[in-house]
K.L.:
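Here it is, the structure, as structure tokens.
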There are 2 protein chains.
Amino acid sequence: MELFALTAGILGLVYAYYTVRSILEKDEGSDRMKEISKAISDGANAYLKRQLKTIAIFGAVVAAIMWIAIGQNSAIAFLIGALLSYLAGFIGMSISVKANVRTAQAAKKGLKGALDLAFKGGSVTGFTVVGLGLLGISFVSLFLYLPNKDVTALIGFGVGASLVSLFARVGGGIFTKAADVGADLVGKLEKNIPEDDPRNPAVIADNVGDNVGDCAGMGADLFESFVVTIIAAMLLGIYLENPLFVALPLLVGGLGILSSVIGAQFVKLGESKKIMKALDKGTYATTIIFAGALFFAFTILSIDMKLWFASLVGLALTVLISKITEYYTVKEGSAVLQIATASKTGAATNLIQGMAVGMRSTAAPVICIVLGILVAYYFAGVYGIAIAAAAMLSVTGIIVAIDSYGPITDNAGGIAEMAGLDSSVRKITDALDSVGNTTKATTKGFAIASAALSALSLFAAYSYEVKLTDINMLNPLVVIGLFIGGLLPFVFASFLMQAVGKAAFAMVEEVRRQFRTIKGIMEGKAKPDYAKCVDIATQGALRELLLPALLAVLSPLVVGYLFGVEALGGLLAGAIVSGLLLALFMANTGAAWDNAKKLIEDGKFGGKGSEAHKAAVVGDTVGDPFKDTAGPALNALIKVLNTVSLLAGAILAKVALHLI
Amino acid sequence: MELFALTAGILGLVYAYYTVRSILEKDEGSDRMKEISKAISDGANAYLKRQLKTIAIFGAVVAAIMWIAIGQNSAIAFLIGALLSYLAGFIGMSISVKANVRTAQAAKKGLKGALDLAFKGGSVTGFTVVGLGLLGISFVSLFLYLPNKDVTALIGFGVGASLVSLFARVGGGIFTKAADVGADLVGKLEKNIPEDDPRNPAVIADNVGDNVGDCAGMGADLFESFVVTIIAAMLLGIYLENPLFVALPLLVGGLGILSSVIGAQFVKLGESKKIMKALDKGTYATTIIFAGALFFAFTILSIDMKLWFASLVGLALTVLISKITEYYTVKEGSAVLQIATASKTGAATNLIQGMAVGMRSTAAPVICIVLGILVAYYFAGVYGIAIAAAAMLSVTGIIVAIDSYGPITDNAGGIAEMAGLDSSVRKITDALDSVGNTTKATTKGFAIASAALSALSLFAAYSYEVKLTDINMLNPLVVIGLFIGGLLPFVFASFLMQAVGKAAFAMVEEVRRQFRTIKGIMEGKAKPDYAKCVDIATQGALRELLLPALLAVLSPLVVGYLFGVEALGGLLAGAIVSGLLLALFMANTGAAWDNAKKLIEDGKFGGKGSEAHKAAVVGDTVGDPFKDTAGPALNALIKVLNTVSLLAGAILAKVALHLI
């Protein structure tokens, strides 16, 4: 089964490679467009390189500790996991910054070509993520796990992927929002110049942010969810001593990639010219093909059909969570209308209503997850939950493709604006971008829900690892763990919001300074110092990387060491529940605020420049760190907590103090 | 021991009675002042009467069901609990609206007399709450529990208190913030008239709100925390078959009242004229006297000193939580300064920074609670946690006295403004009110932390009640319960924020209408229609009462029925953790925003009317439903969930479906 997965992983990468070639063939447009694209690409690369340094130092320390404390296999696997996670984000982003300018150029000729190109660009990220993921797992499984049946190799791989995804989410999230908030506060509110105006010194940093946050960050996040979920299911199989259970996740993952490649071909603009429909076709086709492929494979290999039903639960969740998120965040929906209406009485009511919607929006996804757990468990026990999670994440390829299409069109719009292209071009990229905002929100819903399921699988694996058959909530140590675990997402989110605030503040000061000191900047005669703004966002992001990473890595170790493995189990459960809720709340509130602002900009309640619009801009700005920094980083947090605990579990069982 | 508690309870009430007499002797001031005071008092009474109707219907249905399903004792005890909880809020509030005008009058002569009177007014609420509480418990224990050892009588009493406190918190919270937000949005922002200006049609409603929300709501809430905590500890004693453990909570509660009565005498303005110091003296004196009294009593009765140490944990938490809350919310603190600084770049950064502070502020209280649980458990097991909670809540008398002093001074300031008293009077009431805002915030911290401990005691009692010795988090049903429990506070808070938004919207429309249609209103020639605004707030609050109450009562029943008692245990734990965090976050964020605005009004960053001030007003307005509606109502929610589960536990154990 490893070989099948290896092949499927390579196939995914080959598909990504050919897609890259077909993108690079396309026209890059005018020199001005090339120049802008290069500035974005340079900024993004510069950021990722400096981020790599921080990661490398942290990673080397962790690897060294692992080598000494656990052994060589886990340390090597850790480095592979970290490297691939980084690469998944890096490759996707590198193509993204090449696809953006070509999409802007294609938009000159019409919607169809532009959509096609932007989606191809997204596909590269999507299939690189899953291709590298499956390649990595099969490789580690074949050469590091199987020879000595050393499970710490699999766990080490997961920890490596988790840590990098945490860095990518935290760093990328701070970068993108510091730049965005900084650019908007001075540009839109103080200087009254439009979004993406080349006179704004932070405009390049803003576009770089889309790539390092939405593209590289999401890529690393879902790479990690994908691999740790498959690993968690394999571990359960190993602990349950069931060889089929060990092999099955690889089969599911491989079929998921193949189905996604086929499904991606269905993304085509129909007669109705509806962009969302074109993308939806890809998701639905993949889901149906995947369900069929699983059925076929399970029949041929005579695998118990109960497992097929369990995997369907994962697919159902994928579709349901997307639809629910769409309901709460789509511009045409009633929730967004409520927020826009509340903007009429000012920013305060916009904010109160927005948060009311966001808090409410947690209910349906949680209930779906709860029902999913029930049904999957009914069919195949704890392993059923793990295989449902694996099936859910096996369609990551197409989901990320549709998501990463967003920042490409966002950038294409920016390039069109800055290069002064015809307004018809901007209209096309705007239409694409608006759909991109929705897919960004729905993918976040997917990423959060799948992170929760993935964390639950890891949690189950943890309990087997430390040989616990009971984590009793009537034990005060478990209650303590539960409280501390519940607390972590709040502290973590606070930290990130604060970091965005600080970095954005520095950005505002810098942009104001440039407007003040560079003469002729407002008339478009002098060029602003874009690089300086990119630099400020980079520094802001990197300065804040270490502390949240230490919080995530050390808290399970400290709690486990002081209070034992049961308390650590409590911590994990508390963090999963509170992290899931807080992440859903923050992501959905932010997306709904964003679209409430867009709804008003479309002309509702006075349109642009009205009091309602000003109020809605405040909500949108508050929503930025909600949806693009803290919310997504919480996914990474709950997974890191679980992978680190899994790794530490075996050691902890021996050395725990057991204070009471 | 019941007789000792009965006596202490009566003593508390006698003290409250004599305090009332000494308040009523004082001068009510001019006719204009009397008239205003009467309008506030009429509005508050009208609201409570209409609220009573809703409660009566709901209560009668619940009582009837209890009578049939469980028996006569529990139904009667339920009605007594509900009635006393209502009375505790009602009596306190009735005196509050008489003390306000007299405080304004006393302020003409100086700070000392005004402080004295306002604190006396607060003491009435404080000692009515604990007096009625202990009276009720001893009565129910003597006449309904002891004759047949019928524990459902004790539980029924707790459920009655819980339900009314939920209604009082939800209804009062919506009323007060609908009026406040409505009055501020039109008055301060649109018409540029000061707070409490008699030309504002919503001004009376705003002052009524202080009484029904901050006074009656807090009174009912802490009445309930007090009684259910003592009952939970008694139940544990009953289930553990330890007669000392059954009697001890009554002893602790009784000594708590006596110590508080003595401690209250220490509240006196010192040479430094610092109001906060005068109030702090009361808390510290009570704490020390209480600790000494417990030591003395435990020695005489030869009770194991380990239990004394456990009860000290509760007292330590009281002091610690207050100090932590003060740190994050006090006007002079660094957290508030950060928020005020962020206001310079606009409302969005004020909001982001405020929420970052609020999320961070959950850490220290949770860690204190966790350590408290550890230490109390170390000394006396699960019962140690229950007795720590009982000790913490036994000083409720003095805590509520200091808290209820707040709305009285707030009202006194309003009356001074509306009656056109000399500005020196307003200066004194403002100084009192500013301290009142801090005590309001710290009491909220106390109420939240004690609610969590109280809920934990109930949770332990629940496990004994349904004879569970294990609630295993590796059981998927428990995980499901945990998710649903974690979700409830979010949905509940969303519901309340939405309700405030709706009611405030109606209020804004009405105030605008009056300004538009009543001629001469801005010149002070025509009188606005105050009653209409009171009516709108009343309707808004009452309309929204039923749904959250049903959510709180039905969700444990449904989950327990469908998934069994273990899943219900998971639900309770999830709700306690997520409710505690969300309540702390919302209460502290709101209080910090409030004081950031006040700091700017004191002249920082441009003072009143500056851009920073406008930004801070937005934060303050968003914070209103955070700190005064949703935050406090979450306390009530987690306690209702636990008392209802306790009641249903015995029945559920028999009829649960156990789906899996």
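What's counted below: heavy atoms across the whole structure, side chains too, no hydrogens, waters or symmetry copies. Throughout, a chain's letter reflects where its sequence line sits, starting with A, and its residues are numbered from 1.
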K.L.:
When rounded to the nearest 0.5 angstrom, what distance separates CE in A:Met359 from CZ in B:Phe490?
P.N.:
6.0 Å

K.L.:
As an exercise: rank B:Ala347, B:Gly569, B:Pro476, B:Gly501 by heavy-atom pairs under 4.5 Å with chain A and give me the winner.
P.N.:
B:Pro476

K.L.:
Could you go step by step and tell me if B:Phe459 and B:Ile471 meet the side-chain contact (heavy atoms from CB on, under 4.5 Å) rule?
P.N.:
CA-CA 11 Å; B:Phe459 177 59; B:Ile471 300 179; 4.0 Å; yes

K.L.:
Less than 4.5 Å apart, side chain to side chain, heavy atoms only: is that true for B:Tyr462 and B:Leu568?
P.N.:
yes

K.L.:
Pick from B:Val370, B:Leu487, B:Val500: which one has the most heavy-atom pairs with chain A under 4.5 Å?
P.N.:
B:Leu487

K.L.:
Measure A:Ala342 against the heavy atoms of chain B and call it side chain, backbone, both or neither at under 4.5 Å.
P.N.:
neither

K.L.:
Which bit of A:Leu496 comes within less than 4.5 Å of chain B, counting heavy atoms only: side chain, backbone, both or neither?
P.N.:
neither

K.L.:
With under 30° as parallel and over 60° as perpendicular, where do the rings of A:Tyr239 and A:Tyr464 fit, or are they tilted in between?
P.N.:
parallel

K.L.:
Using a cut-off of under 4.5 Å on heavy-atom pairs, state which of A:Ala460, A:Gly486, A:Gly485 scores highest against chain B.
P.N.:
A:Gly486

K.L.:
Give the member of A:Val186, A:Leu482, A:Thr349 that has the highest number of heavy-atom pairs under 4.5 Å with chain B.
P.N.:
A:Leu482

K.L.:
Examine whether an atom of A:Val479 lies under 4.5 Å from a heavy atom of chain B, and if so say whether it belongs to the side chain, the backbone or both; otherwise answer neither.
P.N.:
side chain

K.L.:
How close do A:Leu584 and A:Pro365 get, heavy atom to heavy atom, and via which atoms?
P.N.:
CD1-CB, 3.9 Å

K.L.:
Are A:Leu547 and A:Glu544 side-chain neighbours, meaning at least one heavy-atom pair lies under 4.5 Å?
P.N.:
no

K.L.:
Top residue by heavy-atom pair count (under 4.5 Å) with chain A, among B:Thr621, B:Val478, B:Val577?
P.N.:
B:Val577

K.L.:
Side chain, backbone, both or neither: which part of A:Val366 has an atom under 4.5 Å from a heavy atom of chain B?
P.N.:
side chain

K.L.:
Which region of A:Phe492, side chain (C-beta onward) or backbone (N, CA, C, O), has a non-hydrogen atom less than 4.5 Å from a non-hydrogen atom of chain B, or is it both or neither?
P.N.:
neither

K.L.:
Would you say the side-chain atoms of B:Ser555 pair up with the backbone N or O of B:Leu551, donor to acceptor, closer than 3.5 Å?
P.N.:
yes

K.L.:
I want to check something: taking the side chain as every heavy atom from C-beta on, are A:Val382 and B:Leu474 in contact at a cut-off of under 4.5 Å?
P.N.:
no

K.L.:
Between A:Ser578, A:Ala615, A:Ala363, A:Gly570, who has the most heavy-atom pairs with chain B when the cutoff is under 4.5 Å?
P.N.:
A:Ala363

K.L.:
Please tell me whether B:Asn350 and B:Trp593 have a donor and an acceptor in their side chains that are separated by less than 3.5 angstrom.
P.N.:
yes

K.L.:
Which of the residues B:Val491, B:Leu581, B:Val618 is involved in the greatest number of heavy-atom pairs with chain A at under 4.5 angstrom?
P.N.:
B:Leu581

K.L.:
Taking A:Thr362 for the side chain and A:Gly358 for the main chain, is one N or O donor matched with an acceptor at less than 3.5 Å?
P.N.:
no

K.L.:
Quick one, A:Leu477 and A:Glu566 - any side-chain contact, counting heavy atoms below 4.5 Å?
P.N.:
no

K.L.:
Using non-hydrogen atoms only, which part of A:Gln353 is less than 4.5 Å away from chain B: side chain, backbone, both, or neither?
P.N.:
side chain

K.L.:
What part of B:Glu190 is in contact with chain A, defined as an atom under 4.5 angstrom from a non-hydrogen atom: side chain, backbone, both or neither?
P.N.:
neither

K.L.:
Side chains of A:Met586 and B:Met355: does their closest heavy-atom pair fall under 4.5 Å?
P.N.:
no

K.L.:
Please classify the contact between A:Phe483 and chain B as side chain, backbone, both or neither, with a heavy-atom cut-off of under 4.5 Å.
P.N.:
both

K.L.:
Among B:Ile352, B:Val622, B:Asp470, which has the most heavy-atom pairs under 4.5 Å with chain A?
P.N.:
B:Asp470

K.L.:
Go through the atoms of A:Leu185 and report whether side chain, backbone, both or neither lie under 4.5 Å from a heavy atom of chain B.
P.N.:
side chain

K.L.:
I'd like to know which of B:Asn472, B:Asp624, B:Val357 tops the heavy-atom pair count under 4.5 Å against chain A.
P.N.:
B:Asn472

K.L.:
Where do B:Tyr378 and B:Leu374 land on the side-chain contact (heavy atoms from CB on, under 4.5 Å) test, with the steps shown first?
P.N.:
CA-CA 6 Å; B:Tyr378 172 79; B:Leu374 262 186; over 6 Å; no

K.L.:
Counting only non-hydrogen atoms closer than 4.5 Å, does A:Ser361 touch chain B with its backbone (N, CA, C, O), its side chain (CB onward), both, or neither?
P.N.:
neither

K.L.:
Which atoms of A:Thr345 come close to chain B, meaning under 4.5 Å heavy atom to heavy atom: side chain ones, backbone ones, both, or neither?
P.N.:
both

K.L.:
Is it the side chain or the backbone of A:Ala493 that comes within 4.5 Å of chain B heavy atoms, both, or neither?
P.N.:
both

K.L.:
Considering only heavy atoms, which portion of A:Phe495 lies under 4.5 Å from any heavy atom of chain B: side chain, backbone, both, or neither?
P.N.:
neither

K.L.:
Measure distances from A:Leu456 to the heavy atoms of chain B and classify the residue's part below 4.5 Å as side chain, backbone, both or neither.
P.N.:
side chain

K.L.:
If you round to the nearest 0.5 Å, how far is CD1 of A:Ile480 from CD1 of B:Ile367?
P.N.:
11.5 Å

